[in-house]
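Chain identifiers are assigned alphabetically (A, B, ...) following the order of the sequence lines, protein sequences preceding nucleic acid strands; residue numbering begins at 1 within each chain. Every value quoted in this text rests on a predicted model; they were computed, and no experiment measured them.
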Amino acid sequence: MPELPEVEVVRRGLEAHVVGSRIDAVEVLHPRAVRRHLLGGDDLAAQLAGLGVVGASRRGKYLWLELAPGDLAVVVHLGMSGQMLVQPPAAPREKHLRILANLDSGSQLRFVDQRTFGGWALAPIVDVDGTALPEPVAHIARDPLDPLFDADSVVAAIRAKGSEIKRVILDQTVLSGVGNIYADEALWRTGIHGNRPADRLTRPQVRLLLGSVTEVMSEALAQGGTSFDALYVNVNGESGYFDRSLSAYGREDRPCPRCGAPIRREKFMNRSSYSCPKCQPRPRGL
DNA sequence: TATATCTCCTGCGGGC
DNA sequence: TGCCCGCAGGAGATAT
């Protein structure tokens with residue numbers, strides 16, 4: 001499941017292999033992959049043809065290719081299973097190939113997405129607080145790896161929320177890039193149960209949690225991201241290794257690396273949360 | 001306005 | 001062997 005580190009690995013791959021190319025032609029093979037491009041797949045393909053790729057950027061889990069001429073970008077979200085692959089034209093088409101772009105370099109940029117939660121959309125670049133962003137990304141908060149990330153104001157924003165802390169750090173308008181895996185890992189590192197109300201945490205606790213979020217995502221990035229199966233790969237189709245370093249996520253009944261208690265799994269927001277019953281006691285009353 | 005829940009989707013694994 | 005069901009989860013839409 002691509003979260004910030006995985007998306008950053010993909011962005012770096014696109015910067016190395018796609019930026020500097022021109023898009024010659026685009027084939028949209030599944031309408032859901034372009035559902036956020038309101039004018040449809042034919043329009044997307046027609047508008048992209050002939051444009052040059054001049055940059056690859058990211059905020060949180062969104063990435064985009066900056067295009068020229070014109071202040072346009074193709075915004076990409078990988079959803080749960082999206083892959084951006086750079087392939088030779090002779091390579092066999094992937095089973096879940098959704099969008100195909102032929103580049104003047106002779107390579108193909110392929111968007112492969114089994115579960116079709118991801119997609120592409122063409123959007124204008126707008127100015128948001130002095131930063132140029134594609135319009136669909138304008139509401140997304142800065143992520144912890146952003147040089148302009150303001151930890152003090154994010155701590156205040158988190159503590160102003162009445163929801164549970166895990167729900168708040170998954171809210172991409174508060175801080176971006178965090179998904180279920182790294183939320184569980186950061187909460188485990190900090191010893192905080194995800195059901196604790198955000199507005200009951202102290203400033204030092206929230207600051208520590210933000211530090212853990214940054215730390216765990218930086219470590220994951222250094223290892224090429226987290227991968228559980230073939231669904232997450234970089235542009236060359238290679239998987240990361242961080243899943244071997246996870247302490248809580250996906251480790252139900254296995255010993256907590258800190259205290260040895262069996263990791264528990266609980267339902268939360270229609271998905272699973274993993275935590276240590278000793279290191280992360282439930283808030284009173286739950 | 002803030003918060004909570006629902007929905008979309010596909011492949012896999014378990015149970016019968 | 002085949003069918004059914006639950007599970008995985010990001011984020012926009014909808015409900016409270």
May I ask you to evaluate whether [X] reaches the phosphate of [N], defined as a side-chain N or O under 4.0 Å from OP1 or OP2?
X	N	answer
A:Ser81	C:dA8	no
A:Arg167	B:dA4	yes
A:Arg265	C:dA8	yes

Distance, nearest 0.5 Å, that separates OH of A:Tyr62 from NE2 of A:His77: 5.0 Å
Working for salt bridge (charged side-chain N to carboxylate O under 4.0 Å, His left out), residues A:Arg264 and A:Glu252: CA-CA 5 Å; A:Arg264 70 184 158 205; A:Glu252 184 180 16; over 6 Å; no
Sugar-phosphate, base or nothing in reach of A:Gly118, heavy atoms under 4.0 Å: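 Since no nucleic acid heavy atom lies under 4.0 Å of A:Gly118, the category is nothing.
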Touch class at under 4.0 angstrom, heavy-atom based, for A:Tyr62 against every strand present: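 Counting heavy atoms under 4.0 Å across all strands, the contact made by A:Tyr62 is with sugar-phosphate only.
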4.5 Å side-chain heavy-atom contact, A:Arg32 and A:Asp113: no
In this structure, how many angstroms lie between the [atom2] atom of [N] and the [atom1] atom of [X], rounded?
X	N	atom1	atom2	result
A:Asp143	C:dA11	CG	P	12 Å
A:Leu78	C:dA8	CG	P	21 Å
A:His139	B:dA2	NE2	C1'	16 Å
A:Arg35	C:dG10	CZ	P	14 Å
A:Phe268	B:dT3	CZ	P	13 Å
A:Asn195	B:dA4	CG	P	11 Å
A:Asp171	C:dG10	CG	P	13 Å
A:Asp199	B:dA2	CG	P	14 Å

Ring-face cation of A:Arg258 near A:Trp188 (centre distance under 6.0 Å, axis angle within 45°):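 Geometry flag: set, cation within 6.0 Å and 45°.
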Nearest-nucleotide comparison on DNA chain C, the residue closer to the 5′ end among A:Lys267 and A:Lys61: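 Of the two residues, A:Lys267 wins.
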Donor on one side chain, acceptor on other, A:Asp171 and A:Thr173, under 3.5 Å: yes
A:Gln172 side chain, from C-beta outward: closest of C:dG10, C:dA11, B:dT3: C:dA11
Check: C:dG10 base within 3.5 Å donor-acceptor of A:Arg271 side chain: yes
Neighbour count above 12 (heavy atom, 6.0 Å) for A:Asp127 CG: yes
Where protein sits on nucleotides 9-14 of chain B, one letter per nucleotide: B base, S sugar-phosphate only, - none, heavy atoms under 4.0 Å: BBS---
Geometric class of the A:Phe111/A:Trp120 ring pair [parallel <30°, tilted 30-60°, perpendicular >60°]: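 Correct class here is tilted.
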